[in-house]
Amino acid sequence: AQSVTQLDSQVPVFEEAPVELRCNYSSSVSVYLFWYVQYPNQGLQLLLKYLSGSTLVESINGFEAEFNKSQTSFHLRKPSVHISDTAEYFCAVTPVSGTYKYIFGTGTRLKVLA
Amino acid sequence: GAVVSQHPSWVICKSGTSVKIECRSLDFQATTMFWYRQFPKQSLMLMATSNEGSKATYEQGVEKDKFLINHASLTLSTLTVTSAHPEDSSFYICSARDSGGKSYEQYFGPGTRLTVT
């Protein structure tokens with residue numbers, strides 16, 4: 001079985017400041033890892049994913065995440081946030097082979113302050 | 001590409017009535033779709049896995065007689081909330097797995113907000 005932990009339920013940060021949203025996972029099998037963003041009253045949008053290869057993955061809007069196998073982490077970072085980044089961010093994993101089910105963390109609400 | 005739609009986007013119904021929510025994959029075929037439920041400010045909880053042409057697989061604790069799932073075609077899955085009660089009010093999100101794509105990829109619909117009065 002897999003589990004995902006997002007320790008920070010809310011993260012307030014000032015505009016143009018850096019931010020890190022933490023994600024740790026537990027799994028007895030290899031997993032793929034994802035970050036999704038959810039704006040109010042909307043569905044989930046894929047932000048970035050780690051499948052294999054380079055442990056640092058980047059999105060087109062400036063976010064990046066680094067897979068750390070030894071620490072079982074996949075933290076999300078952005079060097080300079082914008083007001084428009086205010087949203088809920090979910091970390092998720094799915095087994096490399098098997099059920100195709102996604103297991104989501106509890107989410108982190110990022111609030112960017114002016 | 002890879003667009004998933006849901007209909008309706010929001011619905012209000014009276015207690016005791018049934019509500020049907022549709023999930024469609026618009027530009028790909030999906031043998032497998034998933035239904036999630038999200039309470040306010042909480043994460044997504046997987047309710048069931050919907051497989052085209054066969055019975056859905058429900059997660060532990062989800063009442064299959066209350067949440068009826070039908071996956072009659074490769075592009076459509078429906079979730080019917082039967083005899084809805086106020087505690088069924090929630091945000092329901094579906095996702096679809098592209099049958100011809102990579103195994104790990106799921107594409108999420110925009111969600112349906114159900115309010116039971």
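These values consider heavy atoms only, across backbone and side chains, with no hydrogens, waters or symmetry-generated copies. Note on naming: letters A, B, ... go to the chains in the order of the sequence lines (proteins, then strands), and numbering restarts at 1 for each one. None of the values given here were measured: they were computed from a predicted structure.
Heavy-atom distances place the backbone of B:Gln42, and not its side chain, under 4.5 Å from chain A. Only the side chain of B:Ile93 has a heavy atom closer than 4.5 Å to any heavy atom of chain A. At a 4.5 Å heavy-atom cutoff, A:Gln45 makes no contact with chain B through either its backbone or its side chain. Heavy atoms closer than 4.5 Å to chain B are found in the side chain of A:Leu51, but not in its backbone.
In summary, the side chains of B:Ser99 and B:Thr31 do present a donor paired with an acceptor at a separation below 3.5 Å, with no hydrogens or angles considered. With 3.5 Å as the limit, one finds a donor-acceptor pair spanning the side chains of B:Thr112 and B:Gln6. B:Glu52 and B:Gln29 form no side-chain donor-acceptor contact under 3.5 Å, judged by distance and modelled atom types alone. Looking only at atom types and distance, the side chain of B:Ser90 has no donor-acceptor partner in the side chain of B:Asp88 under 3.5 Å away.
When A:Phe104, A:Tyr32, A:Tyr100, A:Phe34 are compared by the number of non-hydrogen pairs under 4.5 Å with chain B, A:Tyr100 comes out ahead.
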Ring pair (Phe, Tyr, Trp, His ring centres under 6.0 Å) between B:Phe34 and A:Tyr102, intermediate numbers included = CA-CA 9 Å; B:Phe34 302 88; A:Tyr102 278 26; 7.3 Å; no

